[in-house]
Structures are given as C-alpha cells and as structure tokens.
Q: 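Input: one structure, supplied below.
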Amino acid sequence: MMFQKFIEEVCDILKTVARDMGWSGEDLSLDYYDKISDVSSSLAFKISRKDKKNPKSVAEEIYQRLSLLKDKYDLIGDIKLIGPYINFYVGDKFISDTLKEVLNRRDDYGSLNYKGSIVLEHTSANPDGPLHIGHLRNSILGDSLRRILKKAGYSVDVQYYVNDLGRQVAVVVWGIENLKITNNNIKVDHWISQIYIKANRLIEEDNDFSNNNKDIDILLRKFEDGDKDVIEKFDFVVVQCLRGIEQTLNELEIYIDEYVRESQFIFNGDVERIISRLKDTEYAYFDNGALLLDLSSFGFEKDFVVTRSNGTSLYSTRDLAYHAWKARRYDDMIDILGADHKLISSQLKTVLRILGYKEPKVVIFEFISLPEGSMSTRRGKFVSVDELLEKVREQAYLEVSKRREDITELEKKEIANMVAIGAVRYDIIKISPDKPTTFDWRDALNFDKRGAPFIQYSHTRACSILKKGGDFSNPNFDLLRDQNEIDLIKLISRYPLIIKEATDNLRPNILANYSRELAEQFNQFYKDVPVLNAATEELRSARLALVDAFRIVIKDSLSLLGISSPEIM
RNA sequence: GGGCCCGUAGCUUAGUCCGGAUAGGGCGCCGGCCUUCUAAGCCGGAAAUCGGGGGUUCAAAUCCCCUCGGGUCCGCCA
C-alpha cells in the first residue's frame, strides 16, 4: 500500500498549504497517472481563478510553502514545478519500503481489506448447445471478477443460473424424439445444438410439421404441471448439456460453485409467493387475466408482465424470485449480462426495490459478432469455444515447437496449453466490456502481439534469472538507483491501487492493461540491467530481490485474470 | 420512432465516470540489434481533422446541445 500512503502524504501536505492560502475546496486536482511525475496537481489553476492571479505565480507560492513542510513527510522525495503544474516524486524510502512490502507479503501483496459476501452470477447460457465465443465474454469477465473480488477480500460464490424450463429445452426434447439424430461420438453439447438447430428449422418452416409448435406448448405445459416423464426428459437435456459446457469452462480455468435451476423456484413455491406479493403492490393491475406492474412512475414505458393470462409465470418473474432468494443470502449480488439485458435488468432492479430487496450490481458487456453478422445458436451461426480453443492450442503448440527443441513432448503440450488459454482469456478481457467487437480468426491466432504470451514470457525471464541466481540474503535496496530499477519498482507499487480500481469499477480490463505495462517495464530492465553479472555481489542480491518482487506481482496479476505463469516457454 | 452503448492512424485498442502539460499501446509497414540473464525480446521511423458541427472553460478525446454512422433493446420469448 506504499503508493496509497504516498498519495495520502501528498494530499495532506497540499491540503495544509491550500488551507493556508485560503482555499477551502476539497478538490486537490491530483492526477495519479501522470507521465511526467508520480503524482501531479493542477490546483494552481483553481486557486488562481479565485484570487484572480496568474496560475504560474500561484504555483510558485504553493511550491514555496510546500518546500517548508516537505521534510515532515517520509515518502515524498522531490517536488518540482513545471509551469503551473506541481509535480510530486517519491523518495528513496518509498522505493525500498515497496520492495520490502512485496517480499514480506508475497502472494498477499495487493490484497485489500474489503469485507462481505458476494454472489456473482455469470455465463448462465441456455442449455441448448455448446458455449460460443459470445458467451465467452460473459464467462471470462465473470471469472476474472471472481478472482479480483476475492483478492480484494470479499467472499465470492459463483452461480450459473440454469434456464431448465425454457422453450429451447422443450425444442431439444421434441427434437430428440422426432429427429432421431444419433450422437456419433461428438461432445454432448454439440450434439444437442445439432438437434436444436434442426428442430428449429423444421418448426420455423412449418410445412409437414404444422403441429410442431403445438407440441412444444404441450411439452411446456406438462412440465409446469409436474408431468414426471416430461420433467425427466427436460432434465436429461439440461444435465447433459451442462456437462459439456462445464467441461469447456473448466478447460479455461473457469469454475462455477453452484448451478441454480430456474425450475426450483416454481417447485418450491417462491414464484407463487412473489407473485402474490406483487399483486398487493400499488403498481399491480390485471389485464385480460394477466398480472402486470405499471412502472411508468419509474420511467419505464412498457409495463412489467408478471403472469400470463393463463396464470403461468414468465422468465423475468422467475428471475425475480431467484434474485430475492440471493438477496436474502448474500450481502451483495453481481450479475454479468449481455447488452440485450439492459432494459430487463433495470426493470428487475426496480421491482426488487419495490419489494424491499437490495438490487444487484449489473455488469453489461456488448456483443462479440462474427464478420458475417451476429451469432445465433438457433441458426447455428456461431464459433464454439471448443473450436476456438482447439485451433489456438494447435497454433500455440507450433509456436512452442518452433522455439524449443530441447524439451519433452509433454512439456511442450503443457506450455502450449497454458499459452493458449492465456491468449484466449487475455484477448477478451483486455477490451473494455462496453466495446462491441468483431471476432477475427487471424487476430485470435496471432501470437506476435502484446497479449498473454508476451506477459507470460516476461515471467519466464524472471524465473530463469532467479533459478540461476540462487539465494539472495539481506538485500540492500538502497543500491537500486538505476532509472530502470526505479521505474519498475514504481510500477510494482501501483498494484494495490490497480486492484482497488478494478474492484470498485468492476473492470478487469484495468488489470489486464496493468499486467502488460508491468511486463513491458520488466523487459526494459531485463535488457539494460545485468542481474547475474552485476558489478558487485551486493548489487546482484538487491537486483535478484527486485526480480523476485516482479515475479510475484506479475504472476499474481496474471492469476487474477485466470492466466497461468509458466516457468519456461 | 424512443431508450442505452460504441465511433480515437490502414486495422485494433487505452484514456472518457473525476476536464489539465507533447492523445498511450498493439497489429501491419520501413530501418536497426542475438560472442553477455531464452530475440515469444529491444531500439528507431512513417502513420491520428480523437465521426462531424456548435457551446461551456484559462484549458475539451473527456462536460452540454445538435447531427451522422454502427450495435442493441422496446414480446403475455428467454
């Protein structure tokens, strides 16, 4: 937390000076990510406006006053004036304290003391086929957040909400019975999607199968009425499909704590109970037998449908019951949802508020589309995650083989796997969730860019040095005064702040960016600063310690993105 | 038609919430660097009307208004 302590000192000294100059505002106009200094302030502009003086002379006065107080602060080194900008630089103590903290806390470095329980819902893809690369953005966002939130100190449970009574499942059940598509040894979720696609086509074409739609409705009706045989058939499809999906997720190091079945909220009476509570609110009204909520006072044009005219529940009603259930069990809820859920999720929040429940925080991500258009499981227009992984693995294996002829086949495969998974995860997580993107095979298979392999490689470089370097005892960090060393340490000192920002904003891409920058900085250091052949034994030890600190942080930050850190590549 | 999101070099992306000092990366392109810790690396170069137009401000990629292009939602579907 050295960087935060440094910021606190800067705030304190600046505030003291500002008060003395009659500035009562809270805003100190700090810029943490300044390229010129460690922290800068443009406060002079603000004060000059008030005093009607020119910014530069105000800055000079601030500077004079800062200089008098500076010695009382431990971590502040230099303060420099560039025009009207006041630039703060960390001092020597900051540098060595940062390294001490990293080497003492090891894996724990960067963790915060956030408290509370969170239920994080992600993926929740319908069990009608394999995961495709659109779902992947959801899964990877969710899993990275799970890791980051845990690092921040929360206890996190991950749930996959299973739509096990939707129309799609009924379509698959119908398809299994009527299409007789045999599974010739393909992964079960892919087999299910074949049935789903074909069945949908027949239903849409509606020629010889004019009764198909009716069949589907009958299946759904029977399910809700508790027909044992139909429930079993639905269950078979759901369980099988989920098995395939889970296998894919696990290959990507994504783990689900609990699969929550939507139907349970019907069977246990929760849905019924929530409907009757909604009926008693002031927003409720009936239209042709259907129960609706008038949410116009909350700014919604469309009313919220609670039950159909025939009394059955809708997806959103059951989702409401699910969220109420979660709200009772956890301090906080987070949902990862695609952009198509924006409206419905804000309606859900509103209704939860009406009922007196806390609302989930919703992380929305925009879609990944294919060059030829948007993806659709129903129409079979998608690239499956399994296919993507297979191709990326293949390419990664070629890349490893190209560089390493000295290692065993098994080692090559292991490294290729780590690199492939890292590449896939990184390429998705590095992009801001609210950016719509188009999937591109050429880019996905390109390893000559600053993606995960680049970062992983910097880690192997550190490992290699440490392996050859042996023990370093009582390193004297005061010897680390090369610009490359200082820049690397400063970046390492930012790590806890990065964790905080990624957590507070629920934005893993902040961390992804940081990891890349940290790797770049280490590569600089690697090139310019000899470690094993340092001028003196003492310097060698100090540098080994720095390399170790880097190794700890880069490995930890990659792990928060679900990317493993190979020791050789 | 209305709501929300996106629009930054040939392509791709950070920065936008909380306005500040020459708009960061990457891919591709051009030119260099392996007798020293693995070159999946490093250095240099060309390439940007920050979609367009107004406005606010000492200062706008960032805030406000208008506008164009793309996505998405506006089902008693999920």
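It should be emphasised that the depicted structure is a prediction, and the values quoted were computed from it without experimental measurement. Side-chain atoms are counted along with the backbone in the values below, which use heavy atoms only and exclude waters and symmetry mates. Lettering of chains follows the sequences in order, A, B, ..., and the numbering in each one begins at 1.
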Q: Measure the distance from OH on Tyr33(A) to C1' on rU62(B) and round it to the nearest whole Å.
A: 17 Å
Q: Let's test this: given Watson-Crick or G-U wobble pairing with both distances under 3.5 Å, identify the partner of rG2(B).
A: rC73(B)
Q: The side chain of Ile36(A) lies closest to which of these nucleotides: rC76(B), rA21(B), rG41(B)?
A: rA21(B)
Q: Where each residue is assigned the nucleotide of RNA chain B containing its nearest heavy atom, which of Tyr85(A) and Asp528(A) is assigned the position nearer the 5′ end?
A: Tyr85(A)
Q: Considering Watson-Crick and G-U wobble pairs with both distances under 3.5 Å, what does rA9(B) pair with?
A: none
Q: Which is it for rC50(B), anti or syn, if anything within 90° of zero counts as syn?
A: anti
Q: When you measure from the side-chain N and O atoms of Arg49(A) to the phosphate of rC58(B), is any distance below 4.0 Å, counting only OP1 and OP2?
A: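 Indeed, a polar side-chain atom of Arg49(A) lies that close.
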Q: Could you give the CD1-to-P distance, from Ile344(A) to rC77(B), as a whole number of Å?
A: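 Interatomic distance, CD1 of Ile344(A) to P of rC77(B): 12 Å.
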Q: Given that Ser309(A) and Gly83(A) both sit by RNA chain B, which one's nearest nucleotide is further toward the 5' end?
A: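 Its nucleotide being nearer the 5' end, the pick is Gly83(A).
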Q: OP1 or OP2 of rU38(B) less than 4.0 angstrom from a side-chain nitrogen or oxygen of Lys468(A), does that happen here?
A: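 So the side-chain polar atoms of Lys468(A) do come within 4.0 Å of the phosphate oxygens OP1 or OP2 of rU38(B), strictly under.
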Q: So if I take every side-chain heavy atom of Glu366(A) and compare against rA21(B), rC5(B), rC37(B), which nucleotide ends up nearest?
A: rC5(B)
Q: Looking across every strand, which nucleic acid part, if any, lies under 4.0 Å from Asn54(A) by heavy atom: base, sugar-phosphate, or nothing?
A: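 It contacts nothing in the nucleic acid.
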Q: Which of these nucleotides, rA40(B), rA21(B), rG2(B), is closest to any side-chain atom of Ile82(A)?
A: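 So the nucleotide nearest the side chain must be rA21(B).
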Q: Between Asn446(A) and Arg442(A) (side chain of the first, backbone of the second, donor and acceptor by atom type, cut-off under 3.5 Å), is there such a pair?
A: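 It does not hold such a pair.
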Q: Any idea which of rC77(B), rU36(B), rC4(B) is nearest the Arg308(A) side chain?
A: rC77(B)
Q: Measuring only the P atom in each nucleotide, how far is rC27(B) from rG44(B)? A whole number of Å is fine.
A: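 Here rC27(B) and rG44(B) have their P atoms 14 Å from each other.
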Q: Where the side chain of Thr437(A) is defined as all heavy atoms beyond and including C-beta, which of rU13(B), rA21(B), rC76(B) is the nearest nucleotide?
A: rU13(B)
Q: Please determine whether a side-chain nitrogen or oxygen atom of Gln347(A) lies at a distance below 4.0 Å from atom OP1 or OP2 of rC74(B).
A: no
Q: When rounded to the nearest Å, what value does the distance between P atoms of rG20(B) and rG15(B) take?
A: 13 Å
Q: Has Arg167(A) got a side-chain N or O lying under 4.0 Å from the OP1 or OP2 atom of rC77(B)?
A: no
Q: For a quick check, tell me whether the side chain of Ser40(A) and the base of rA21(B) share a donor-acceptor pair closer than 3.5 Å.
A: yes
Q: How many Å lie between CG on Asn509(A) and P on rU16(B), as a whole number?
A: 10 Å
Q: Check the orientation of Phe522(A) and Tyr526(A). Use parallel for under 30°, tilted for 30 to 60°, and perpendicular for over 60°.
A: tilted
Q: Aromatic ring centroids of Phe45(A) and Tyr85(A) under 6.0 Å?
A: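 Between Tyr85(A) and Phe45(A), which both carry aromatic rings, the centre distance is below 6.0 Å.
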Q: Side chain of Lys46(A), base of rG20(B): donor and acceptor closer than 3.5 Å?
A: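 Yes.
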Q: Has Asn523(A) got a side-chain N or O lying under 4.0 Å from the OP1 or OP2 atom of rC42(B)?
A: yes
Q: Between rG7(B) and rU16(B), how far apart are the P atoms? Round to whole Å, please.
A: 12 Å
Q: Check this for me, if you would: do Asp225(A) and Arg221(A) make a salt bridge, where the nitrogen-to-carboxylate-oxygen distance has to be below 4.0 angstrom?
A: yes
Q: Could you tell me how far apart Glu520(A) (CD) and rG25(B) (P) are, to the nearest whole angstrom?
A: 8 Å
Q: Could you give the distance separating rG24(B) and rA61(B) at their P atoms, to the nearest angstrom?
A: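 The answer is 13 Å between these two P atoms.
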Q: Between Tyr322(A) and Gln159(A), do the side chains contain an N or O donor and an N or O acceptor separated by less than 3.5 Å?
A: yes
Q: May I have the distance from Ile431(A) (atom CD1) to rA14(B) (atom P), rounded to whole angstrom?
A: 7 Å
Q: Below 3.5 Å, does any donor atom in the side chain of Asn87(A) face an acceptor in the base of rA21(B), or the other way round?
A: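 Per atom types, the contact qualifies.
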Q: Measure from the side chain of Arg516(A), starting at C-beta and using heavy atoms only, and say which of rC5(B), rG25(B), rA40(B) lies closest.
A: rG25(B)
Q: Identify the nucleotide, in any strand shown, that forms a Watson-Crick or G-U wobble pair with rC58(B), with both distances under 3.5 Å; if there is none, say none.
A: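 Base-paired to rG20(B).
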Q: For atom C1', what is the distance between rU8(B) and rG70(B), given to the nearest Å?
A: 16 Å
Q: Would you check if Phe367(A) stacks with the base of rG71(B), given a 5.5 Å centroid limit and a 30° plane limit, both strict?
A: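 The base of rG71(B) is not stacked with Phe367(A) (the test needs centres under 5.5 Å and planes under 30°).
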Q: Between C1' on rA14(B) and OH on Tyr426(A), what's the gap in Å once rounded to a whole number?
A: 10 Å
Q: My understanding is that only one of Leu348(A), Leu320(A), Leu291(A) makes a side-chain contact (heavy atoms from CB on, under 4.5 Å) with Phe304(A); could you say which?
A: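 Only one of Leu348(A), Leu320(A), Leu291(A) forms a side-chain contact (heavy atoms from CB on, under 4.5 Å) with Phe304(A), namely Leu320(A).
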Q: Look at the aromatic rings of Tyr32(A) and Phe3(A) and report parallel, tilted or perpendicular, splitting at 30° and 60°.
A: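 Judged by the thresholds at 30° and 60°, the geometry between Tyr32(A) and Phe3(A) is perpendicular.
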Q: Hey, do the aromatic rings of Phe298(A) and Tyr283(A) have their centres closer than 6.0 Å?
A: yes
Q: Answer yes or no: does a side-chain N or O of Arg461(A) lie under 4.0 Å from OP1 or OP2 of rA39(B)?
A: yes
Q: Is any side-chain N or O of Arg450(A) closer than 4.0 Å to OP1 or OP2 of rG26(B)?
A: yes
Q: Should rG28(B) form a Watson-Crick or G-U wobble pair with both distances under 3.5 Å, which nucleotide is its partner?
A: none
Q: Can you find a side chain N or O atom of Tyr526(A) that sits less than 4.0 Å from OP1 or OP2 on rA39(B)?
A: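 Affirmative; the distance criterion is met.
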Q: Is there a donor-acceptor contact under 3.5 Å linking the side chains of Arg461(A) and Asn523(A)?
A: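 A pair is found: one side chain offers a donor N or O, the other an acceptor, under 3.5 Å apart.
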Q: I want to check one thing: is the phosphate of rA14(B), taken as OP1 and OP2, less than 4.0 Å away from some side-chain N or O of Lys435(A)?
A: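 For rA14(B), OP1/OP2 do have a side-chain N/O of Lys435(A) under 4.0 Å.
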Q: When you get a sec, tell me which of rC37(B), rC27(B), rA40(B) is the closest nucleotide to the side chain of Lys449(A)?
A: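 The answer is rC27(B).
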Q: Say you pick atom P in rC50(B) and the same atom in rA60(B); how far apart are they, in whole Å?
A: 12 Å
Q: For nucleotides rC30(B) and rC37(B), find the distance between their P atoms and express it as a whole number of Å.
A: 29 Å
Q: Between rG3(B) atom C1' and His341(A) atom NE2, what is the distance in whole Å?
A: 17 Å
Q: Determine the interatomic distance between P on rG25(B) and the same-named atom on rA47(B); round to the nearest Å.
A: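 15 Å, rounded to whole Å.
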Q: Counting just side-chain N and O atoms, does Arg540(A) come under 4.0 Å of either OP1 or OP2 of rC37(B)?
A: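 For rC37(B), OP1/OP2 do not have a side-chain N/O of Arg540(A) under 4.0 Å.
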Q: Could you tell me how far apart Leu43(A) (CG) and rA59(B) (P) are, to the nearest whole angstrom?
A: 19 Å
